[in-house]
Amino acid sequence: MEIPSKYNPVEVEDKWYKYWLEQNYFHSEPDDREPYTIVIPPPNVTGVLHMGHMLNNTIQDILVRRARLLGKNACWVPGTDHASIATEAKVVAKLKSEGIGKKDLTRDEFLKHAWDWTDKHGGIILEQLKKLGASCDWERTSFTMDEIRSQSVVKVFVDLYNKGLVYRGVRMVNWDPAAKTAVSDEEVIHKEEQSKLYYVRYQIEGEDNYVTIATTRPETILGDTAVCVNPNDERFQHLKGKRVLVPLVERSVPVIVDEYVDMEFGTGCLKITPAHDINDYEIGMRHNLETIDTFNDDGTLSEKAQILVGVDRFEARKQIVPMLEKSGNMVKVEDYKNKVGYSERTDVVIEPKLSAQWFLSMEKLAKPALDAVESDEVEFHPKKFKNLYRHWMGNLKDWCISRQLWWGHQIPVYYLEDGSFVVAETAEKALAAAKEKTGNPNLTMDNLTQDEDVLDTWASSWLWPISVFDGVAKPDNNEINYYYPTSDLVTGHDIIFFWVARMIMAGYSERDQYPFKNVYFTGMVRDKQGRKMSKSLGNSPDPIELIEKYGADGVRVGMLLCSPAGGDLLFDESLPEQGRNFSAKIWNSFRLVRGWEVSDELEQPEHSKLAIEWFNQKLSEQIAIMNDHFDKFRISDALMTIYTTIRDEFSSWLLEVVKPAYLQPIDRKTYEEVLDALDKVLRVLHPFMPFISEEIWQLLRERQAGESIMVSQWPEVGEVNQNLLTGFEAVKEAIAGIRNVRKNNNLPMKDSLELKIQKGDKGYGGQFDSVLVKMGNLSGIELVTEEVKGAASFRVFSSSFFIDLGDLIDVEEELKKLEEELKYTQGFLSSVMKKLSNERFVSGAPEAVVAKEKAKQADAEAKIKVLKEQIVNLK
RNA sequence: GGGCGAUUAGCUCAGUUGGUUCAGAGCACUUGGUUUACACCCAAGGGGUCGGGGGUUCGACUCCCUCAUCGCCCA
């Protein structure tokens, strides 16, 4: 068969992905095997694939593919998330560009547009993941707003309501005036800004005196209902019991006292606007203050403001300043740095606003979820995120789960005409409940109005590990019983609260069990300069272009090479390039092997037999190391292990040793054994580089139709013979020594050399002589009992190796080398002796440690003896 | 203001619960190499008082205290 000299990933990757799909290898059904389950963090339907997804899904695919090779029933459930705010914003924007306003549409009409939009864009990311090689069970693809998932969300809402955990309340919420909805605390991003601190004076009612307050938001004075001072503040004792007039609107409001006021800040005198500041709201509650909401939902001033009605809040701030100056109330303006909350979704400044919302009480839900992580029932990788989690879980506020949007799950609350309500999964059930509640059998649907709002998107994604198996509506179905709890979750640490914590809560609340055993937190992908990747900076490469350039395997390797768990990773194109280069290396190794002519006549040479024996042991050792890395979720370490094994041990050592002379055939036995070794290597490589491993594996031997490396087996780790491994390491060193002598003396590889060895006590064993002869191109090995005069030399352990150079030897150079080596060894010995002569070390340290130090002493002493003799001989 | 985390080679980071030559890997760099798979390569090499200081210990990159710098989260 003709093997192309260059590996072509694009062609190969498409071919095998198609094959895997045809063979239905990705699909899982419950059976007798141990399940291994991952649910994908569902990407937003609005999104396109970015580097974060690449990292995240590469890791998931590695875990799933390895589980499959380990013989587990692996199931990776894909899907997407409806992303209420983000999607609604996109749809509104699209409609606007077509001249359609959301207000012009009915809810149903709008939803039709939203569904069209979702149908068109929603699957893009999943399609892109196929290019990456993701082995998801596509038959199970779920969507947070499909029928089963929607039923699940609604049912859970009703259940939690019936348990008394869902309640309706008026609260200060984070209002997004652009999206016209409440958002959760987690969706508010605080940014430090250069702003102004305005000093405004209020006239004391009935007097000609004033009191000055400081504020960053002068436009909110229109909603002031008090001025507050600290009860301990001597400066303001005279104000107690008095009233002041709010500037411009001339409203009379009381002066109140509250410990909350910081005497050091500003003037020590605080204006109170209960409708527009969370702290003011709480003070207002304590003092029974009036609440005047001076803003409309879109951030413009309302009728209640009396002036500047209809003007946007920022414009109002600009306009009110000259008005206050004119009225004589503006005292001064200072520059001031403060933090301002922005909406994560729309990037507009969040407005604290009082409104009626649905809340989920967190206290009961949080307890088991916190315990689970504390006790490592759910394990976080890396562990450091436990601290963050504990801190957050200990300071939980109730979760505002309603959103003033249309795109999402409409809240299953139905209001009667008298304002009371029933909560039910469907309209029919609601009607029945309403009839029962009112005792009026004649009620119809026309008498009921469903709550306009939808639920927060996270209120559906927190059920994801359960709802993808329909475990909410049918809590005892086969699938949920088999696949749940899932095995591992891989996600970014930025959504630990949004998503991970809430899934754990839902897991215990719904099924009294954790949703996943392990959580692997990935870092954030940043650019080379450490900046977050973003569209506006244009610093994010297009993943699909990267795949086309370096191959999916290359990109996967590149993502992992720099990605310790939890730490941010700085992405640079040299990384996938390195991955691509590695593909080429593997390909060329394979080409070498497949290019050999095989002879049935030839006996297996000793050196080949030894090298194969050694490599099999070495590979076993390396796989054991990889298994350990996997167990501890050190995925990039596992990759690095197989990377160096292939590049160094397999290609540079095994293949070089067994390689026949130019145009000479190789013996059958060696050839087959090398193919077997490569077969194993490919199988442990497969999770990381699924495509090239499949391509080579298929070309390696005749395969039956329907066979694939992805459903083969992860190699077993056998007994490892440490003597063999250390013996071979000694040969490697000896060969390096010979190469050095050649290099230093300009002795070309093609000229064979005679090697003399003086064995020490525990030195070179001689078992690998044939390997040494081949790799060093030696004409022979002679054992000697004394140093060889006038020869170049080097030492491995306590053996000395000599290469007679006749007159060619540079005595000065050789002496210099020996002196240096002697000096180093003596220094080493003295450090060992220092330990051994320390009485407290000998008595205090474990026996094994002391024994090792003694062995070091013996080795060093032997080496020093040899070196000294040689120096004498040379002189 | 509160909390968490980090600080190790030019860069990005490991260092597995204090003990072999433990100061490492990859990349980058330097030198040499058209050996008959691979220059997307091979071989060899340089480079760090493990942020500073103190402590515990026979022994500290590792544990404790403190300071400095940076980052993240929360208020």
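Keep in mind that this is a model prediction, so the values were computed, not measured. Numbered from 1 within each chain, the chains take letters A, B, ... in sequence-line order.
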**Q** Can you check whether Leu675(A) reaches Tyr671(A) side chain to side chain, under 4.5 Å on heavy atoms?
**A**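 When only atoms from C-beta onward are counted, Tyr671(A) and Leu675(A) do touch, with a gap below 4.5 Å.
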**Q** Using a strict 4.0 Å threshold on nitrogen-to-oxygen distance, state whether Asp751(A) and Arg742(A) make a salt bridge.
**A** no
**Q** Mind checking the P distance from U7(B) to C50(B)? Whole angstroms is fine.
**A**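 About 14 Å, rounded to a whole number of Å.
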**Q** Using Watson-Crick or G-U wobble geometry with both distances under 3.5 Å, which nucleotide pairs with U36(B)?
**A**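 Answer to the pairing question: none, since U36(B) forms no Watson-Crick or G-U pair.
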**Q** Leu747(A) CG to A44(B) P: how many Å, rounded?
**A**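 My rounded result for the distance is 17 Å.
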**Q** When rounded to the nearest Å, what value does the distance between C1' atoms of G15(B) and C61(B) take?
**A**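 Nearest-Å result for G15(B) against C61(B) at atom C1': 8 Å.
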**Q** Could you give the CD-to-P distance, from Glu733(A) to U21(B), as a whole number of Å?
**A** 15 Å
**Q** What's the closest nucleotide to the Lys632(A) side chain, out of A37(B), C73(B), U16(B)?
**A** U16(B)
**Q** Taking a pair as Watson-Crick or G-U wobble with both distances under 3.5 Å, which nucleotide is matched to A14(B)?
**A** none
**Q** Return no unless some side-chain N or O of Asn387(A) is found under 4.0 Å from OP1 or OP2 of G3(B).
**A**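 Result: no.
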**Q** Looking only at the side chain of Asn581(A) (C-beta and beyond, no hydrogens), which of the listed nucleotides U16(B), C40(B), C38(B) gets closest?
**A** C40(B)
**Q** Nearest whole angstrom, please: distance from the P of A25(B) to the CG of Leu639(A).
**A**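 It works out to 17 Å between those atoms.
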**Q** When you measure from the side chain of Asn588(A), which nucleotide among C38(B), A44(B), C73(B) comes out closest?
**A**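 Looking only at side-chain atoms, Asn588(A) lies closest to C38(B).
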**Q** Which base, if any, makes a Watson-Crick or G-U wobble pair with U21(B), both distances under 3.5 Å?
**A** none
**Q** When only distance counts, do a donor and an acceptor, one from the side chain of Gln578(A) and one from the base of A28(B), lie under 3.5 Å apart?
**A** no
**Q** Let's test this: given Watson-Crick or G-U wobble pairing with both distances under 3.5 Å, identify the partner of G51(B).
**A**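 Pairing partner: C67(B).
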**Q** Step by step, would you call Phe380(A) with Phe385(A) a ring-ring contact (aromatic ring centres under 6.0 Å, His included)?
**A** CA-CA 7 Å; Phe380(A) 281 5; Phe385(A) 288 107; 7.5 Å; no
**Q** Tell me what Arg580(A) touches on the nucleic acid: a base, only sugar-phosphate, or nothing, going by heavy atoms under 4.0 Å.
**A** base
**Q** Say you pick atom P in C13(B) and the same atom in U8(B); how far apart are they, in whole Å?
**A** 9 Å
**Q** Before accepting this row, confirm whether a basic side-chain N of the pair Glu573(A)/Arg580(A) lies closer than 4.0 Å to the acidic partner's carboxylate O.
**A** no
**Q** Using a 4.0 Å heavy-atom cut-off across all strands, classify Gln664(A) as base, sugar-phosphate, or nothing.
**A** nothing
**Q** What nucleotide, of C58(B), U16(B), G26(B), holds the atom closest to the side chain of Phe841(A)?
**A**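 That would be C58(B).
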**Q** For U34(B) versus U20(B), give the span between their C1' atoms, rounded off to a whole number of Å.
**A** 43 Å
**Q** In whole Å, what separates the C1' atom of G48(B) from that of U12(B)?
**A**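 Taking atom C1' in both G48(B) and U12(B), they lie 15 Å apart.
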**Q** Closest approach to the side chain of Met640(A), judged atom by atom: which nucleotide of C40(B), A43(B), A25(B) is it?
**A** A25(B)
**Q** Quick one: does Lys585(A) reach the base of C38(B) with a side-chain donor-acceptor pair under 3.5 Å?
**A** yes
**Q** Only one of Leu655(A), Ile3(A), Asn588(A) passes side chain to side chain contact (heavy atoms under 4.5 Å, CB included) with Val593(A); say which it is.
**A** Leu655(A)
**Q** Using the closest heavy atom to pick a nucleotide of RNA chain B for each, name whichever of Lys397(A) or Lys743(A) lands nearer the 5' end.
**A**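 By nearest-heavy-atom nucleotide position, the 5'-most residue is Lys743(A).
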**Q** Looking at the side chain of Tyr643(A), which of C38(B), C27(B), A43(B) is the nearest nucleotide?
**A** C27(B)
**Q** Considering only the C1' atoms, how many Å lie between C72(B) and G32(B), rounded to the nearest integer?
**A** 47 Å
**Q** Could you walk me through whether Glu853(A) and Gln857(A) pass the side chain to side chain donor-acceptor pair (under 3.5 Å) check?
**A** CA-CA 6 Å; Glu853(A) 290 302 317; Gln857(A) 178 196 355; over 6 Å; no
**Q** Starting at CZ of Phe650(A) and ending at P of A37(B), how long is that distance when rounded to a whole Å?
**A**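 Between P of A37(B) and CZ of Phe650(A): 14 Å.
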**Q** Does C72(B) have a Watson-Crick or wobble mate here (both distances under 3.5 Å), and if so which one?
**A**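 The base-pairing partner of C72(B), which may sit in any strand shown, is G3(B).
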**Q** Just name whichever nucleotide pairs with A60(B), Watson-Crick or G-U, keeping both distances under 3.5 Å, else none.
**A**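 Check on A60(B): unpaired, no WC or wobble geometry under 3.5 Å.
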**Q** Students often get this wrong, so: under 4.0 angstrom with heavy atoms, is Asp637(A) touching a base, only sugar-phosphate, or nothing?
**A** sugar-phosphate
**Q** Which nucleotide in the set C40(B), G3(B), A37(B) lies at the smallest distance from any side-chain heavy atom of His391(A)?
**A** G3(B)
**Q** Check the pair Trp653(A), Asp648(A) against side chain to side chain donor-acceptor pair (under 3.5 Å), reporting the backbone distance first and the verdict last.
**A** CA-CA 7 Å; Trp653(A) 288 106; Asp648(A) 300 337; over 6 Å; no
**Q** Please report, rounded to the nearest Å, how far the P atom of G71(B) is from the NE2 atom of His493(A).
**A**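 Atom-to-atom, His493(A) to G71(B), this comes out as 15 Å.
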**Q** Mind telling me whether Phe633(A) and Tyr520(A) have parallel, tilted or perpendicular rings, with 30° and 60° as the class edges?
**A** tilted
**Q** In this structure, how many angstroms lie between the C1' atom of U21(B) and the CD atom of Gln857(A), rounded?
**A** 16 Å
**Q** Which part of the nucleic acid does Lys750(A) contact within heavy-atom distance under 4.0 Å: base, sugar-phosphate only, or nothing?
**A** nothing
**Q** Using a 4.0 Å heavy-atom cut-off across all strands, classify Arg647(A) as base, sugar-phosphate, or nothing.
**A**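 Answer is sugar-phosphate: Arg647(A) comes under 4.0 Å of backbone atoms only.
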**Q** Find which nucleotide of RNA chain B each of Ser652(A) and Glu577(A) is nearest to by heavy atoms, and output the residue with the more 5' nucleotide.
**A**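 The 5'-side residue here is Glu577(A).
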**Q** What's Ser574(A) touching, base or sugar-phosphate or nothing? Going by heavy atoms closer than 4.0 Å.
**A**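 Ser574(A): no heavy atom of the nucleic acid under 4.0 Å.
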**Q** How long is the line joining CD1 of Ile646(A) and C1' of A37(B), in whole Å?
**A**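 These atoms are roughly 15 Å apart.
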**Q** Given atom CZ of Arg390(A) and atom C1' of G5(B), what is their separation to the nearest angstrom?
**A** 14 Å
**Q** Can you tell me, in whole Å, how much space there is between the C1' of C29(B) and that of G10(B)?
**A**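 To the nearest whole Å, 8 Å.
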**Q** How far, in whole Å, is G24(B) from U62(B) if one measures between their C1' atoms?
**A** 15 Å
